[in-house]
Amino acid sequence: MTDSGGLQEETTAMGVPCITLRDNTERPISIEMGTNMLAGNKTESILDAYRKTVEKKQSHNSLVPPK
């Protein structure tokens, strides 16, 4: 979770999920690539973004066969 534009960009380059605690971003590519989600600054919207991020990661992990 961040409000830093630079961190949004770095997490996208690394393929790491990011939740931005703002209503907008100067790095729209991070949204387009699907690595960043805008959560705003309200508790409920932040928790909702967190839940969605965890669910997305869990569904992705279920597609990868165990080692």
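We use all heavy atoms of the structure for the numbers below, so side chains are in, but hydrogens, waters and symmetry mates are not.
Here CG of Leu21 is found 12.0 Å from CE of Met37. Values are rounded to the nearest 0.5 Å. One finds the CE atom of Met1 at 4.0 Å from the CD1 atom of Ile19 (value rounded to the nearest 0.5 Å).
Grouped by direct or indirect side-chain proximity (heavy atoms under 4.5 Å, Ile/Leu/Val/Met/Phe/Trp/Tyr only), Ile29 sits with Met33. Other cluster members for Val16: Met14, joined by side-chain heavy-atom distances under 4.5 Å among Ile, Leu, Val, Met, Phe, Trp and Tyr.
At a threshold of 4.5 Å between non-hydrogen side-chain atoms, the residues Pro17 and Thr35 do not count as touching.
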Please set out all donor-acceptor pairs under 3.5 angstrom arising from side-chain atoms of residues 38-49, sequence neighbours excluded.
unit_1 : atom_1 : unit_2 : atom_2 : d
Ser45  : OG     : Ala39  : O      : 2.5
Ser45  : OG     : Lys42  : O      : 2.9
Asp48  : OD2    : Lys52  : NZ     : 3.2

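The shortest non-hydrogen separation linking Asn36 to Cys18 is OD1-O, 3.1 Å.
Among residue pairs with one or both ends in residues 28-40, none qualify as salt bridge (Lys or Arg N to Asp or Glu O under 4.0 Å); sequence neighbours excluded. For residues 1-11, the salt bridge (Lys or Arg N to Asp or Glu O under 4.0 Å) pairs, not counting sequence neighbours, are Glu9-Arg27.
For Thr25, the side-chain hydrogen bond (donor to acceptor under 3.5 Å, both in side chains) partners at least two apart in sequence or on another chain are Gln8. For Thr53, the side-chain hydrogen bond (donor to acceptor under 3.5 Å, both in side chains) test picks out no residue, with sequence neighbours left out.
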